Visitor: 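Can you read through this structure? Questions will come right after.
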Amino acid sequence: MIRFLLVFAATLALACGGTGAAKLDLATVNQAQFAAGEPKGVDPTVLKAQILLDRARFSPGLIDGNLSANFAKAVGAFQAANGLPPDGKLTPETWSKLMATSTDPVLVTYEVTRKDVRGPFTRRIPARMDRMARLRRLGYRTAAERLAERFHISEQLLRMLNPGIGFRKAGTTLMVPDIGRGDPPAGVARIEVDKGARLVRVLDPSGKWLAVYPASIGSDENPAPSGTAEVKRVVRNPTYHYDPDFAFKGVKTKRPFTIAAGPNNPVGSVWIDLSIESYGIHGTPVPGKIGTTFSHGCIRLTNWDAEDLGSMVQPGTKVEFKNETAHTVDEFAP
């Protein structure tokens, strides 16, 4: 096992070019090359690497073009899976391996459809869960939010890629990442939930990593389970049922309630039910917080990663929980 302390964006020594506000267009990003230096802000090389990692199922979480802990974890996992020193830094060797995963452009054009802009949207979503229960659906707030999630990016980056363009009219042409991951891998043997590294790994019978996702996993007050469980079922577009015994902060009612389905539901667009009662792997309405915050005990992924994982597992798939004590330690050796 190789262990290392996560180095966050402020001190991450990731070697690639670019400083300040960079130009973001099809040519600049698609033709971005490795260069020495530490980028500041949204960088074309980092963006290209994030899209390729996402496409290869070494998920960086929310694609935003910035250095981040989740990006370092994705790079480290990709390095480990490809026989490179897993230090989480984008080196020339890592860049070369990453470029070899796909020759397709990372940015493409996309024409907004009627479905993208039609809704239904849920313009206002209360912060309190008991008030969410009054809504008939927890849909996307806007077409921009829907489009950003579809392409695994932040709304801020969506707007940077498409300055001055609205997202309400069908037929509008946008510049977006090509995040096509292809068919789900076959031969999934088990899921590994690494509580210390805040990662979920999908493994084949030989132990090869088929996918790695950043995750929010439990907390000191509501820890994730230990040991081994198995998948019971996969529920898409789930409702959320609150039990007063959970006693979550901010929920004042002593009565159970149900929150309607939708991508902004507290468990997002997918619930992977586990054999341990009340625990599951699920999506989230706030993808930017994955890996940087804790959960109420379950395993939280971005909606798109939860959907991807849900397409791979079936009832009986084993889920193993790794118990680590330090949340700053990553283990990248397969």
Side-chain angles (χ1 to χ4, degrees), residues 24 42 47 50-51 53-55 57 59-66 68 70-71 74 106-125 132 135 137-162 165-170 172-181 184 200 211 213-216 234-240 259-272 281-293 295 299-311:
L24 296 177
V42 178
L47 177 56
Q50 286 179 334
I51 296 169
L53 286 164
D54 183 283
R55 196 185 286 174
R57 288 190 166 90
S59 174
L62 189 68
I63 295 171
D64 60 6
N66 289 287
S68 68
N70 282 343
F71 177 58
V106 293
L107 286 187
V108 295
T109 57
Y110 172 77
E111 186 174 300
V112 177
T113 68
R114 292 182 180 180
K115 182 178 179 180
D116 292 328
V117 299
R118 185 171 60 232
F121 299 113
T122 307
R123 302 291 181 181
R124 296 181 181 179
I125 299 177
M132 289 182 192
L135 301 178
R137 177 169 171 77
L138 274 292
Y140 293 114
R141 294 175 177 85
T142 63
E145 184 182 41
R146 168 182 274 172
L147 288 162
E149 181 152 305
R150 174 171 182 170
F151 296 105
H152 305 181
I153 61 177
S154 65
E155 286 190 61
Q156 180 183 13
L157 180 58
L158 179 65
R159 297 182 190 282
M160 289 181 67
L161 291 171
N162 301 281
I165 296 179
F167 305 99
R168 301 179 181 179
K169 185 178 179 181
T172 301
T173 298
L174 303 179
M175 184 166 59
V176 298
D178 178 358
I179 39 74
R181 290 173 167 173
V200 171
Y213 311 112
S216 292
V234 177
V235 182
R236 291 173 175 79
N237 204 31
T239 55
Y240 176 80
I259 298 177
N264 276 310
N265 176 292
V267 294
S269 58
V270 175
W271 170 266
I272 301 173
I281 304 173
H282 62 83
T284 181
V286 193
K289 292 186 177 182
I290 289 299
T292 64
T293 59
S295 73
I299 302 89
R300 187 184 304 156
L301 310 176
T302 64
N303 276 342
W304 52 88
D305 286 342
E307 290 167 8
D308 195 42
L309 180 61
S311 70

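What's counted below: heavy atoms across the whole structure, side chains too, no hydrogens, waters or symmetry copies. These numbers were taken from a predicted model, which means no experiment stands behind them. Nothing fancy with the numbering, it's 1 onward along the sequence.
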Visitor: Taking salt bridge (charged side-chain N to carboxylate O under 4.0 Å, His left out) as the cut-off, I'd like each qualifying pair that reaches into residues 106-119, sequence neighbours left out, listed once.
Guide: Asp116-Arg150
Visitor: Distance check, rounded to the nearest 0.5 Å: Ile281 atom CD1 versus Leu309 atom CG?
Guide: 5.5 Å
Visitor: Spell out, as yes or no, whether a donor-acceptor pair under 3.5 Å connects the side chain of Glu149 to the backbone of Thr302.
Guide: no
Visitor: Report the C-alpha separation of Trp304 and Leu62 in whole Å, then their side-chain angles, then the decisive distance to 0.1 Å, and conclude whether the side chain to side chain contact (heavy atoms under 4.5 Å, CB included) test is met.
Guide: CA-CA 10 Å; Trp304 52 88; Leu62 189 68; 3.6 Å; yes
Visitor: Got a second to check how far Ile153's CD1 is from Leu161's CG, nearest 0.5 Å?
Guide: 5.5 Å
Visitor: For Arg55 and Asp178, work out which heavy atoms get closest and say how close.
Guide: NH2-O, 2.9 Å
Visitor: Test side chain to side chain contact (heavy atoms under 4.5 Å, CB included) on Arg146 and Phe167 and set out the steps.
Guide: CA-CA 10 Å; Arg146 168 182 274 172; Phe167 305 99; over 6 Å; no
Visitor: Rounded to the nearest 0.5 Å, how far apart are CG of Asp305 and CZ of Arg300?
Guide: 14.0 Å
Visitor: Which pair of heavy atoms, one from Ala144 and one from Glu155, lies closest together, and at what distance?
Guide: CB-OE1, 3.7 Å
Visitor: Please work out whether the ring planes of Tyr110 and Phe151 are parallel, tilted or perpendicular, with thresholds of 30° and 60°.
Guide: perpendicular
Visitor: Considering all heavy atoms of both residues, which atom of Asn70 and which atom of Gly291 are nearest to each other, and what is their separation?
Guide: OD1-CA, 4.0 Å
Visitor: Please assess Leu24 against Leu157 for the test side chain to side chain contact (heavy atoms under 4.5 Å, CB included), listing each intermediate value before the final yes or no.
Guide: CA-CA 10 Å; Leu24 296 177; Leu157 180 58; 4.1 Å; yes
Visitor: Can you check whether Asp308's main-chain N or O pairs, donor with acceptor, with Arg181's side chain at less than 3.5 Å?
Guide: no
Visitor: Which atoms form the tightest heavy-atom contact between Asp64 and Ser154, and what is the distance?
Guide: CB-OG, 4.0 Å
Visitor: CD1/Ile63 to CG/Leu47 distance, rounded to the nearest 0.5 angstrom?
Guide: 7.5 Å
Visitor: Kindly give the heavy-atom pair with the smallest separation between His282 and Ala306, and that separation in Å.
Guide: C-CB, 3.9 Å
Visitor: So does Ala260 get a backbone contact from the side chain of Asn265, meaning a donor-acceptor N/O pair under 3.5 Å?
Guide: yes
Visitor: At what distance, to the nearest 0.5 angstrom, does CG of Leu301 lie from CD1 of Ile272?
Guide: 7.0 Å
Visitor: Given 3.5 Å as the limit, does a donor-acceptor pair link the side chain of Asp54 with the main chain of Ser59, or not?
Guide: no
Visitor: Would you compute the distance between atom NZ of Lys289 and atom OG of Ser216 and round it to the nearest 0.5 angstrom?
Guide: 10.0 Å
Visitor: For Pro287, is there any backbone N or O sitting under 3.5 Å from a side-chain donor or acceptor partner on Thr284?
Guide: no
Visitor: Which pair of heavy atoms, one from Leu138 and one from Thr122, lies closest together, and at what distance?
Guide: C-OG1, 3.9 Å
Visitor: Are Gln156 and Val42 close enough, and set up right, to give a side chain to side chain contact (heavy atoms under 4.5 Å, CB included), and what steps lead you there?
Guide: CA-CA 10 Å; Gln156 180 183 13; Val42 178; 5.9 Å; no
Visitor: Answer whether the closest heavy-atom distance between the side chains of Ile259 and Val267 falls below 4.5 Å.
Guide: no
